[in-house]
Amino acid sequence: MVPGATARAADDECRTEQLKSARITASVRFKHEGEDHTKAEGRLMVKAPKSWSRAADLLLNGDTERYRTAMRCLLRYPDDPFPYRNTEGRTELPKVTAEKKWITVDQRVSTWVVNLQTRHFGPWSLTVGNRLWHLELLRPPALDKAWWQEVTVDLGGRAARSVSSTPTTGATTKLTWTREKAGGKPPEVRVTLQPPAAKASAARWSQHPWYVFDSLAWLPLHGVLLALLLVTARTVRCAPASAPRTDAETRTARNLLVISWLTFAVTVVQLFDDTLLAHFANQDTALFWTDQHRTAVHFGLTLLTGLALCVFGIPGRTAVVLVIAATGYVIAVACHPEGFALPSQWWLDWENFPDEVRWFREKSAMVAFAGACACVVFVWLVGTAASLLRLWRSTNTPTSGWPRGRFPHALLVALVLVSVAVSAVSVWTAQNLWEHQSWLSRRNAYEAYGLWHVANLFNEIRWFPSDWLDWFHGTYFWWWGPSLAILAVLRARDKAAVPAAVLPPPAELRTLKVFFVACVAPVAGWYAGVPLPLLSLLALWLALTGLLALGTKRAVLYRKLLSGHRLHEMARGSDRPQLLKAARRHRELHAQLRRLEQGQQDEDRSQLEHELDRLHRLPHPSPPSGLPNTWIRLPPSIGPVELALAWGPQATSWGNACRAAYFAALSSVPAVAILTWADHVRGVRWTDKFLQRFGFVEIVTAAVSMELLWVGAGFTLGALWRVLPGRRGPARASGLALVYAAPVLVQWTGNWIVDQPFHTWPLELSLTLLVLTLTGVAMDIDTFRGERRYWPTRASLLLSVYQWRTASVQVAFLVGQLVALVTIWQQLKGNDPMILIERGPSESAGGEGSGK
């Protein structure tokens with residue numbers, strides 16, 4: 001506290017006697033159902049008389065000292081010049097309206113019970129225990145003699161365990177205290193409630209020692225992924241695409257092995273850097289490192305993981321020089337903070353050591369710290385870019401030395417600019433968060449405010465090294481690296497396979513399954529604060545295995561002929577041109593038959609049917625001796641068109657995969673925009689970005705990540721095109737979309753059990769189905785792209801390929817699209833975001849789960 005701030009401030013500044021005629025209503029409403037954590041919404045409405053000497057100040061700009069003083073009188077404790085709340089969420093300033101006799105202040109606040117700390121929001125105080133929560137109304141002293149007309153507590157469908165004082169009216173779950181006349185003592189409101197067990201668990205899970213188990217619960221997911229990647233690397237090494245194995249196959253398999261272990265090691269650091277340090281600090285173990293120099297430890301761990309990526313990626317000489325310089329600066333700051341005017345224990349105490357804060361401010365030490373953060377980001381970005389470039393270039397013929405252009409200088413300049421921008425924006429958002437949490441503090445009267453401000457700003461931004469590792473690797477790179485490594489393996493095998501196989505061999509099928517898990521599959525499995533992602537992963541693996549097993553029975557190229565052979569055993573790459581010609585002739589003959597049935601042309605029907613019969617035959621793969629022209633009839637449900645569509649637009653599975661990835665990239669652009677808006681921009685989510693450390697950059701990275709996810713889904717669809725069940729593209733896409741939905745359905749079941757919201761999962765599933773369906777349709781059109789010049793539009797070609805003869809099918813498709821659009825619109829209207837104006841568990845005590 002600042003010397004001289006006494007209890008007289010309430011009388012001197014607030015003119016308490018003039019507020020006796022003020023009229024107040026207060027309410028709080030708990031919401032347990034359909035939330036990840038319990039939400040409490042508070043409202044305080046104060047009608048201050050215009051005769052109050054500070055009434056006019058309420059209409060001033062929010063940055064003025066007179067406005068803050070008047071608001072402190074009505075909302076807080078006036079004798080506290082530095083009110084600070086990191087548990088109170090607001091979407092806007094209190095609404096102030098002037099009437100004939102009154103100035104009305106309407107404040108709406110909220111809080112989310114994410115941990116066991118005491119939460120202050122508006123006039124309410126919520127003390128969160130392990131099983132019981134205690135709510136209390138804390139009246140602002142200046143309004144203690146005012147007329148509290150009504151106080152309402154809505155417990156969200158839960159009956160109270162204890163209540164004091166006795167409510168005037170209400171029921172077991174909603175209590176109301178009213179006063180008919182002014183004067184008398186305001187009600188003393190104290191309520192004890194017992195929240196649902198799931199919400200109590202969610203609040204407890206971020207406390208010591210439970211946050212350690214949170215990281216342990218996420219670790220099996222990454223352990224299983226590591227095992228799958230290692231098995232994949234062993235499989236491709238034991239089953240090469242060519243004999244002898246090519247150098248590209250050897251390099252890509254080795255890179256997959258290394259990047260798998262590297263990402264797993266970094267993930268272990270990311271999961272346990274905060275949790276173990278917090279746990280040891282709570283146990284008073286090695287306090288020098290776990291508490292007093294914790295920020296320096298975070299700098300070291302984040303820097304080491306970034307350097308490990310640089311060692312793997314082997315960037316160019318210029319990049320190496322800059323990385324060495326950045327590393328040296330970070331080491332200097334971490335090992336000798338006093339030389340940069342930073343506190344030796346990485347914590348500013350403005351009350352006990354004000355001179356240290358003054359020295360920090362005078363020497364602009366925040367710039368030095370932000371520079372170290374930018375250097376950490378730069379090292380990580382260079383390591384990431386170099387690693388990804390090495391993975392993709394491993395399929396090419398290696399060149400000797402360190403050629404110019406190996407790490408483009410333009411990319412290097414871009415990474416420098418991005419690193420500086422990320423660090424600067426992080427400081428800016430920390431300042432915004434500070435403004436949000438201390439908006440009623442007295443700023444012009446005391447020099448101590450500047451010290452308090454600077455100290456808290458640094459104490460907030462000092463978590464940057466740990467937050468960067470949690471955010472960038474824990475959300476993105478842990479799956480970017482392995483996914484690209486698997487793609488490089490598949491690319492090398494495609495180049496080595498001569499001649500190319502009609503169907504993906506077993507080794508590639510297993511590799512594609514792992515690719516779908518690593519790149520495409522959504523990470524789900526958070527229930528009442530307990531992460532159980534392996535349940536969703538198991539559902540995905542079983543669904544994908546079942547789909548491929550169904551494909552061995554129902555896929556077109558797996559259908560058996562009368563000779564006992566399967567269609568893929570008779571298909572050869574050289575037969576594809578003839579197959580496309582037969583498919584086109586088949587459609588022409590069917591069109592002639594339809595016109596003949598309608599009396600529009602006069603031809604010999606038997607001749608048309610005879611020619612159609614000939615098109616439904618294939619040469620015998622091993623005819624008996626003396627019968628070189630033996631033919632085998634196709635199955636009844638399979639014709640030349642279905643056979644051509646099953647083959648796909650390209651000659652190889654890799655070609656089909658790349659083509660489908662291209663179509664998915666194009667069709668997913670609007671979907672990415674919609675989902676980015678729904679998850680990051682709509683409503684107050686955009687406002688919240690101004691308070692989040694990586695909020696704005698996350699909009700870009702999340703959009704890129706979602707685009708990569710759908711491109712990966714398209715790639716998988718194309719690679720498995722010939723083994724998926726279904727005769728046409730949309731049917732094949734639907735099967736893969738169902739596999740994608742399997743872990744989400746498990747998540748939905750768990751959400752229903754513990755009463756959590758489903759967020760925007762329905763929207764994402766709808767868009768995934770739409771993107772894959774459009775990709776499947778585009779693949780079917782592209783299969784007959786040689787006929788494109790004969791048709792006025794692609795739609796007319798599609799109608800011919802699918803042989804749609806009536807408008808009913810088109811109307812059905814249109815109705816289906818309208819239903820999908822209505823579903824998406826309904827989804828976008830709901831699911832308001834959760835606003836957290838406080839430090840999360842990952843920043844203060846423990847790590848948080850990874851996700852895509």
Side-chain angles (χ1 to χ4, degrees), residues 388 392 479-480 482-491 493-494 503-504 508-509 511-522 540 543-544 547-548 551 555 645-676 702-726 728-744 763-785 794 798 820 852:
L388 297 180
W392 190 244
W479 62 276
W480 282 1
S483 299
L484 187 59
I486 295 175
L487 283 180
V489 167
L490 294 173
R491 186 186 184 195
R493 291 179 65 86
D494 174 72
L503 298 181
E508 291 185 14
L509 284 177
T511 304
L512 286 169
K513 290 174 66 176
V514 175
F515 173 78
F516 193 85
V517 171
C519 177
V520 182
L540 172 78
L544 185 56
L547 179 67
L548 295 180
L645 292 176
W647 190 276
Q650 300 295 318
T652 64
S653 295
W654 171 262
N656 283 338
C658 293
R659 199 65 177 163
Y662 170 76
F663 291 134
L666 295 180
S667 61
S668 63
V669 171
V672 168
I674 292 173
L675 198 59
T676 301
V704 172
S705 180
M706 186 57 62
E707 178 70 13
L708 293 177
L709 187 151
W710 276 323
V711 169
F715 179 89
T716 307
L717 176 63
L720 299 176
W721 188 261
R722 297 173 183 175
V723 299
L724 289 176
R728 293 172 181 170
R732 295 183 175 90
S734 299
L736 199 61
L738 288 176
V739 172
Y740 181 89
V744 181
L763 174 62
E764 183 173 341
L765 293 181
S766 301
L767 292 175
T768 300
L769 176 60
L770 181 61
V771 169
L772 289 178
T773 300
L774 292 177
T775 302
V777 171
M779 290 284 285
D780 287 345
I781 296 176
D782 197 50
T783 299
F784 294 94
R785 63 182 177 276
R794 287 183 173 84
L798 180 65
K852 294 179 189 174

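Nothing here was measured: the structure is a model prediction, and the numbers come from that model.
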If the condition is side chain to side chain contact (heavy atoms under 4.5 Å, CB included), which residues does Leu738 pass it with, not counting sequence neighbours? none
If we only count heavy atoms from C-beta on, is the [X] to [Y] side-chain gap below 4.5 Å?
X: Leu709; Y: Tyr740; answer: yes
X: Ser653; Y: Val723; answer: no
X: Gln650; Y: Asp782; answer: yes
X: Pro649; Y: Asn656; answer: yes
X: Leu503; Y: Leu509; answer: no
X: Lys513; Y: Leu548; answer: yes
X: Trp392; Y: Leu487; answer: yes

What distance separates [X] [atom1] from [Y] [atom2], expressed to the nearest 0.5 Å?
X: Thr716; Y: Trp721; atom1: OG1; atom2: CH2; value: 13.0 Å
X: Ser766; Y: Ile674; atom1: OG; atom2: CD1; value: 10.5 Å
X: Leu547; Y: Arg732; atom1: CG; atom2: CZ; value: 11.5 Å

Ring centroid separation Phe715 to Trp654 under 6.0 Å: yes
Start with the C-alpha distance between Arg728 and Asp780, add both sets of side-chain angles, then the distance that settles side-chain contact (heavy atoms from CB on, under 4.5 Å), and finish with yes or no. CA-CA 7 Å; Arg728 293 172 181 170; Asp780 287 345; 3.9 Å; yes
Nearest heavy atoms of [X] and [Y], plus distance in Å:
X: Cys519; Y: Ser483; answer: CB-OG, 3.1 Å
X: Leu675; Y: Leu767; answer: CB-CD1, 4.2 Å
X: Trp480; Y: Ser705; answer: NE1-OG, 4.4 Å
X: Ala713; Y: Val520; answer: N-CG2, 3.5 Å
X: Arg722; Y: Trp647; answer: NE-O, 2.7 Å
X: Gly648; Y: Thr783; answer: C-OG1, 3.6 Å

Quick one: which of Leu772, Val771, Leu708, Leu774 gives a side chain to side chain contact (heavy atoms under 4.5 Å, CB included) with Ser668?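 For Ser668, the side chain to side chain contact (heavy atoms under 4.5 Å, CB included) check succeeds only for Val771.
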Full working for side-chain contact (heavy atoms from CB on, under 4.5 Å) between Leu724 and Leu717: CA-CA 8 Å; Leu724 289 176; Leu717 176 63; 3.6 Å; yes
Please walk me through it: do Thr768 and Trp710 pass side chain to side chain donor-acceptor pair (under 3.5 Å)? CA-CA 7 Å; Thr768 300; Trp710 276 323; 3.0 Å; yes
Run the numbers on Phe516 and Leu736 for side-chain contact (heavy atoms from CB on, under 4.5 Å), then give the verdict. CA-CA 10 Å; Phe516 193 85; Leu736 199 61; 3.9 Å; yes
